[in-house]
Amino acid sequence: MFSNLFGGIFDSSTVTVIPVYQFLLCVVVSLLLGIVLAAAYTYKSKYNAGFVRTLAILPAVVCIVIMMVNGNGVAVAGAFSLVRFRSVPGSAKEIGAIFIAMGAGLVSGMGYLGYAVLYTVILSLVMALYVQIRAWEKNAGSEKTMVI
């Protein structure tokens with residue numbers, strides 16, 4: 001009874017079935033990577049709490065999508081084409097953070113958990129370093145808002 005609980009109705013000898021423990025391991029690692037990326041995004045900067053929560057779970061969502069399409073290139077392209085930004089475009093930092101989180105989910109969904117952790121650590125440190133040294137800021141701290 002329980003052996004069929006996690007089986008698909010389309011499973012066959014040519015389709016690779018992901019064992020439950022591997023599925024859970026990939027999802028948990030993706031969630032942890034999302035938390036690390038969210039923390040790096042919020043380091044010394046203004047942020048929207050809803051966006052940060054979404055950023056924290058995005059790697060797990062992408063991981064599950066990649067695991068379910070079994071690395072089929074056409075299906076991966078179709079899955080990523082579903083991502084549309086219908087609202088006001090975000091800042092360059094927000095869009096970059098989304099793509100970084102999607103990359104972490106993609107790598108972990110393919111099963112390369114060590115590479116996913118390495119990728120996340122490197123990019124989180126680089127993001128924090130850029131904020132710390134105020135890279136590419138002309139007039140740091142002189143940001144103004146115009147109200148009409």
Side-chain angles (χ1 to χ4, degrees), residues 2-12 14-138 140-141 143 145:
F2 287 113
S3 62
N4 294 330
L5 185 62
F6 294 106
I9 61 172
F10 301 114
D11 290 349
S12 67
T14 60
V15 176
T16 306
V17 178
I18 302 168
V20 176
Y21 74 92
Q22 288 179 353
F23 175 83
L24 292 175
L25 179 64
C26 289
V27 171
V28 168
V29 168
S30 295
L31 287 169
L32 293 174
L33 296 179
I35 291 169
V36 170
L37 288 170
Y41 178 82
T42 60
Y43 178 70
K44 289 189 174 183
S45 58
K46 296 178 183 176
Y47 57 88
N48 178 315
F51 177 77
V52 175
R53 283 191 291 269
T54 302
L55 191 63
I57 63 168
L58 187 60
V61 172
V62 173
C63 173
I64 291 170
V65 169
I66 295 303
M67 284 192 295
M68 292 302 112
V69 298
N70 274 337
N72 181 337
V74 175
V76 170
F80 280 111
S81 71
L82 294 174
V83 178
R84 301 174 95 183
F85 301 97
R86 293 178 181 244
S87 61
V88 177
S91 68
K93 183 180 177 185
E94 289 172 344
I95 294 169
I98 288 170
F99 281 113
I100 290 169
M102 288 174 69
L106 179 67
V107 176
S108 61
M110 293 179 67
Y112 298 109
L113 300 180
Y115 285 119
V117 169
L118 184 62
Y119 165 85
T120 301
V121 168
I122 290 171
L123 287 177
S124 294
L125 290 174
V126 168
M127 284 192 309
L129 176 68
Y130 286 166
V131 170
Q132 183 66 35
I133 65 172
R134 299 178 153 235
W136 299 285
E137 290 185 24
K138 287 184 179 180
E143 191 173 315
T145 303

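- Checked against side-chain hydrogen bond (donor to acceptor under 3.5 Å, both in side chains), T54 has no partners two or more places apart in sequence or in another chain.
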Before you tell me yes or no, could you show the steps for M127 and Y43 under side-chain contact (heavy atoms from CB on, under 4.5 Å), namely the whole-Å CA-CA distance, both residues' side-chain angles and the distance that decides it to 0.1 Å? CA-CA 9 Å; M127 284 192 309; Y43 178 70; over 6 Å; no
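- Considering all non-hydrogen atoms of both residues, I100 and L37 come closest at CG2-CD2, 3.6 Å.
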>> Does Y41 form a side-chain contact (heavy atoms from CB on, under 4.5 Å) with V131? I'd like the steps, not just the answer.
In response: CA-CA 9 Å; Y41 178 82; V131 170; over 6 Å; no
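- Closest approach of N48 and G50 over heavy atoms only: OD1-N, 2.8 Å.
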**Request:** Start with the C-alpha distance between L125 and L129, add both sets of side-chain angles, then the distance that settles side-chain contact (heavy atoms from CB on, under 4.5 Å), and finish with yes or no.
**Result:** CA-CA 6 Å; L125 290 174; L129 176 68; over 6 Å; no
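- Other residues, nucleotides and ligands place no more than 12 heavy atoms under 6.0 Å from the OH atom of Y47.
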Under 3.5 Å, which donor-acceptor pairs do the side chains of residues 105-114 form with other protein atoms, sequence neighbours left out?
from	atom 1	to	atom 2	distance (Å)
S108	OG	S30	OG	2.6
S108	OG	A104	O	3.0
S108	OG	G105	O	3.2

Begin from the C-alpha positions of L31 and I35 and carry the test side-chain contact (heavy atoms from CB on, under 4.5 Å) through to its verdict.
-> CA-CA 6 Å; L31 287 169; I35 291 169; 5.5 Å; no
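- Nearest heavy atoms, L55 versus A97: CD1-O, 3.4 Å.
- Across all their heavy atoms, C63 and V27 have their closest contact at SG-N, 4.3 Å.
- Counting heavy atoms from C-beta outward, F51 and T42 have side chains that stay 4.5 Å or more apart.
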